[in-house]
Amino acid sequence: MTETENFVPLMKRSKGFKELKSLVIDEGICSGCSTCAAFCERIQLDEDGNAEPKSDCNMEIGAIKCNIEGTCYDVCPMVSFSNIEMDKAVFDKPREDMDIGYYKKIVAVRSKKPEILENAQDGGAATAFLAAALEGGLIDGVVVANRSGDWRTDAGIARTKEEIIAGAGTKYVRTPSAMKFGNTIRDIRKLAMVGTGCQTTGTRKAMVKLLKTVIEKTQESDTPLDLTLIGLFCFENFPYMRVKEKIESEFGTKMEDIVKTDITKGKFTITKKDGTTQQKPVKDFSDIVPESCDLCTNFTAEMADLSIGSVGTDTGWSTVIIRSDKGLTLLENAEKLGYIEVSDKVDMKPIKKGVSLKKGKREKAAEKRKKEGKYVPEYS
Ligand SMILES: Cc1cc2nc3c(=O)[nH]c(=O)nc-3n(C[C@H](O)[C@H](O)[C@H](O)COP(=O)(O)OP(=O)(O)OC[C@H]3O[C@@H](n4cnc5c(N)ncnc54)[C@H](O)[C@@H]3O)c2cc1C
């Protein structure tokens, strides 16, 4: 077996940035997950979060030395891979549910901490798990999505409970969380990341294929890597300028005046500083959805340790899909430390509906691309 085979046993042969560029970036289907830029300093993100070369790739020099052709290609979630093989590698078991991936259990969660609920999107499960994990010594830091007053986002490292809470709330804006995650592994070895399906898949691909072999070889550290992925359900996500222009024209409101955005039950809702809300059908936003989201099948962040969404539970609660032992530990730890209440009141129908809508959208987009002779990623 060659070194390259050992490096990416579950994926198509490594092809490097040239291939990534022609297959994904030039084709306009980069998801902006930013995982490729996490492991190579020669890739940067453009204004929309798409990957672009900063300088020529020589396959050797990287933030974490690539040394083997194709790190960026191998971690990209828009490059075909096998879900079945990934399940085996990550969870050591095949999925029984083809719609939402491998899982151990699904529960409803609500934070018991007022300071978390005040800032959270739904039941504050994500923030509660993270704050409790920090308190319980399960993590030393986490990559969260922070926003400015006009809703520009950036990935930040939260090392305190206050910083975790400051990052709460959904931003429907591409955020380079995976890049931050990759760049922070050197400094924080017990690190978590919150991310959407593409971000958690990209990062998981990196963990499965890359980190064991490359990082452990190239980084000297006595502390083993201990990485946690918290996934968010995601139907679609937007480049900042596209969503800003659209929100401002559809609602006639400046981004600075908005305190919360929410996409649920087919409606895009904004809550303004004065407490009033405005709603539009989410289909009015379909013209700004990136093609990568149309091609994605991963509504529930299937490669995360646990995944969180709003559909499936009552308002003010979060739906939580526990997938790995680590995910289960996060749940148990948060409950033990008094951060959450847990119930089994989850309705699977709207979750399945979300998956089915996403898969329907994917079928249409894939068919169109195939007719045009274009590349379509497959997730067997
Ligand atoms: C782009 C996007 C689309 C979504 N679409 C759906 C959907 O269709 N259906 C559904 O049920 N749920 C969807 N969700 C998930 C939902 O909006 C909530 O994030 C989820 O229910 C968790 O709520 P919470 O109260 O537990 O999270 P909180 O406690 O508020 O914490 C949210 C965490 O997510 C992080 N975060 C926020 N935005 C981003 C981002 N853009 N990238 C990376 N991390 C981020 C925050 O930093 C924080 O750590 C989506 C989320 C995102 C980001």
Side-chain angles (χ1 to χ4, degrees), residues 31-34 49 100 108-111 113 115-134 142-147 151-158 163-181 192-200 202-203 229-240 243 260-269 282 285 289-290 292-293 296 298-301 304 306-313 315-321 330 334 339-340 346-347 350-355 357-358 361:
S31 71
C33 78
S34 78
I100 54 178
V109 169
R110 181 166 63 181
S111 176
K113 307 276 183 192
E115 69 275 23
I116 291 180
L117 283 176
E118 266 162 33
N119 293 282
Q121 188 72 14
D122 298 309
T127 301
F129 288 144
L130 292 167
L134 191 72
V142 54
V143 180
V144 293
N146 293 321
R147 73 168 179 89
W151 288 82
R152 267 175 218 279
T153 62
D154 201 5
I157 300 294
E163 286 169 348
I164 291 171
I165 293 174
T170 300
K171 293 95 189 170
Y172 295 95
V173 178
R174 285 177 169 184
T175 308
S177 304
M179 184 167 87
K180 193 75 171 178
F181 187 72
M193 183 192 85
V194 187
T196 54
C198 55
Q199 292 169 327
T200 44
T203 313
L229 298 182
I230 294 194
L232 302 171
F233 294 10
C234 179
F235 203 75
E236 52 211 14
N237 199 6
F238 309 99
Y240 175 73
V243 77
K260 188 172 182 183
T261 55
D262 201 9
I263 302 180
T264 30
K265 297 187 180 138
K267 296 272 185 329
F268 197 127
T269 307
V282 72
F285 289 70
V289 176
S292 55
C293 298
C296 169
N298 187 3
F299 177 57
T300 61
L306 60 80
S307 308
I308 311 176
S310 58
V311 286
T313 39
T315 305
W317 286 75
S318 304
T319 304
V320 178
I321 303 178
L330 286 179
Y339 274 80
I340 54 167
V346 178
D347 182 0
I351 305 173
K352 293 274 182 174
K353 191 177 166 199
V355 175
L357 286 171
K358 192 143 178 70
K361 194 162 72 144

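Position 1 is the first residue of the sequence; numbering continues from there. Counting starts at 1 for both ligands and their atoms, in listed order.
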| query | Heavy atoms only: which of Trp317, Phe233, Tyr172, Phe129 is nearest to atom 6 (C) of ligand 1? | reply | Phe233
| field | Donor-acceptor under 3.5 Å (Ser318 side chain, Ser310 main chain) | value | no
| query | At what distance, to the nearest 0.5 angstrom, does NZ of Lys358 lie from CG of Asn298? | reply | 8.0 Å
| query | What part of Val173, side chain from CB on, backbone N/CA/C/O, both or neither, has a heavy atom under 4.0 Å from ligand 1? | reply | backbone
| message | Looking only at protein heavy atoms, which one is nearest to atom 20 (C) of ligand 1, and what is the separation? | response | Asp122 OD2, 3.5 Å
| message | Can you report which non-hydrogen protein atom sits closest to atom 22 (C) of ligand 1, along with the distance? | response | Ile308 CG2, 3.6 Å
| Is it the side chain (CB and beyond), the backbone, both or neither of Ala120 that lies under 4.0 Å from ligand 1, heavy atoms counted? | both
| Do you know which two heavy atoms are closest between Phe285 and Phe238, and how far apart they sit? | O-CE2, 4.3 Å
| request: Write out the residue and atom name of the closest protein heavy atom to atom 37 (C) of ligand 1, then the distance separating them to 0.1 Å. | output: Gly169 O, 3.1 Å
| task | State whether the number of non-hydrogen atoms from other residues, nucleotides or ligands found under 6.0 Å of Lys260 atom NZ is greater than 12. | result | yes
| task | For ligand 1, find out whether one of its N or O atoms is nearer than 3.5 Å to an N or O atom of Lys171. | result | yes
| task | Note the single closest protein heavy atom to atom 27 (O) of ligand 1, along with its residue, its atom name and the distance in Å. | result | Ala126 CB, 3.6 Å
| note | What one should report as the nearest heavy-atom pair of Ala128 and Ile116 is CA-CD1, 3.8 Å
| query | Side chain, backbone, both or neither: which part of Thr175 has a heavy atom under 4.0 Å from ligand 1? | reply | side chain
| note | Those residues at least two apart in sequence (or on a different chain) that pass salt bridge (charged side-chain N to carboxylate O under 4.0 Å, His left out) with Lys361 are Glu236, Asp294
| query | Considering only heavy atoms of Glu236, which atoms of ligand 1 have at least one such atom less than 4.0 Å away? | reply | 1 (C), 3 (C)
| CZ of Arg147 to OG1 of Thr170: how many Å apart, nearest 0.5 Å? | 11.5 Å
| message | Contact between ligand 1 and Ile263 is defined here as a heavy atom of the residue under 4.0 Å from a ligand atom; is it met? | response | no
| task | Test side-chain hydrogen bond (donor to acceptor under 3.5 Å, both in side chains) on Ser31 and Ser292 and set out the steps. | result | CA-CA 5 Å; Ser31 71; Ser292 55; 5.3 Å; no
| task | Mind checking whether Leu232 contacts ligand 1 via backbone (N, CA, C, O), side chain (CB onward), both or neither, at a 4.0 Å heavy-atom cut-off? | result | side chain
| Single hit among Ile164, Thr127, Ile165 for side-chain contact (heavy atoms from CB on, under 4.5 Å) with Asn119 | Ile165
| task | Using distance alone, determine whether Asn119 and ligand 1 share an N or O pair under 3.5 Å. | result | no
| remark: One should read off an interatomic distance between Ile308 CD1 and Thr313 OG1, to the nearest 0.5 angstrom, of 10.5 Å
| Against heavy atoms of Asn237, which atoms of ligand 1 measure under 4.0 Å? | 1 (C), 41 (N)
| said: Taking distance alone, with N or O pairs closer than 3.5 Å, would you say Gly124 contacts ligand 1? | reply: yes
| query | If we only count N/O pairs under 3.5 Å, is Val311 in contact with ligand 1? | reply | yes
| Identity and separation of the nearest protein heavy atom to atom 43 (C) of ligand 1 | Gln199 OE1, 3.5 Å
| request: Mark up the atoms of ligand 1 that fall under 4.0 Å of a heavy atom belonging to Ala125, in ascending order. | output: 24 (P), 26 (O)
| field | Reported CD1-to-OG distance for the pair Ile351 and Ser307, which is rounded to 0.5 angstrom | value | 10.5 Å
| message | So, 4.0 Å and heavy atoms of Ser177: is ligand 1 close enough to count as a contact? | response | yes
| message | Can you report which non-hydrogen protein atom sits closest to atom 46 (C) of ligand 1, along with the distance? | response | Gly167 O, 3.0 Å
| query | Does Phe299 come within less than 4.0 angstrom of ligand 1, counting non-hydrogen atoms of the residue? | reply | yes
| For Thr196 and ligand 1, does the shortest N/O to N/O distance drop below 3.5 Å? | no
| field | atom 28 (P) of ligand 1: nearest protein contact (heavy atom, Å) | value | Thr127 OG1, 3.5 Å
| said: Would you compute the distance between atom CG of Asp347 and atom NZ of Lys353 and round it to the nearest 0.5 angstrom? | reply: 11.5 Å
| field | For Val194, the ligand 1 atoms whose distance to one of its heavy atoms is below 4.0 Å | value | 33 (C), 34 (O), 35 (C), 43 (C), 44 (N), 49 (O)
| field | Side chain proximity check, Met193 to Gln199, heavy atoms < 4.5 angstrom | value | yes
| request: Mind checking the CD-CG spacing from Glu163 to Leu134? Nearest 0.5 Å is all I need. | output: 9.5 Å
| Sub-3.5 Å N/O-N/O distance, Ala145 and ligand 1 | yes
| said: Check for me whether Arg174 has a heavy atom closer than 4.0 Å to any atom of ligand 1. | reply: no
| said: Considering non-hydrogen atoms of the protein only, which is the closest contact for atom 18 (C) of ligand 1, and what is the distance? | reply: Thr170 OG1, 3.3 Å
| note | Correct closest heavy-atom pair for Ile263 and Val282 would be CG2-CG2, 3.6 Å
| query | Phe235 heavy atoms, cut-off 4.0 Å: which ligand 1 atoms fall inside? | reply | 5 (N), 8 (O)
| Which pair of heavy atoms, one from Thr196 and one from Ala301, lies closest together, and at what distance? | C-CB, 4.5 Å
| said: Can you give me the closest heavy-atom contact between Leu330 and Phe129, atom names plus distance? | reply: O-CD2, 3.8 Å
| remark: Within 4.0 Å of some non-hydrogen atom of Val144, the atoms of ligand 1 are 47 (O), 49 (O)
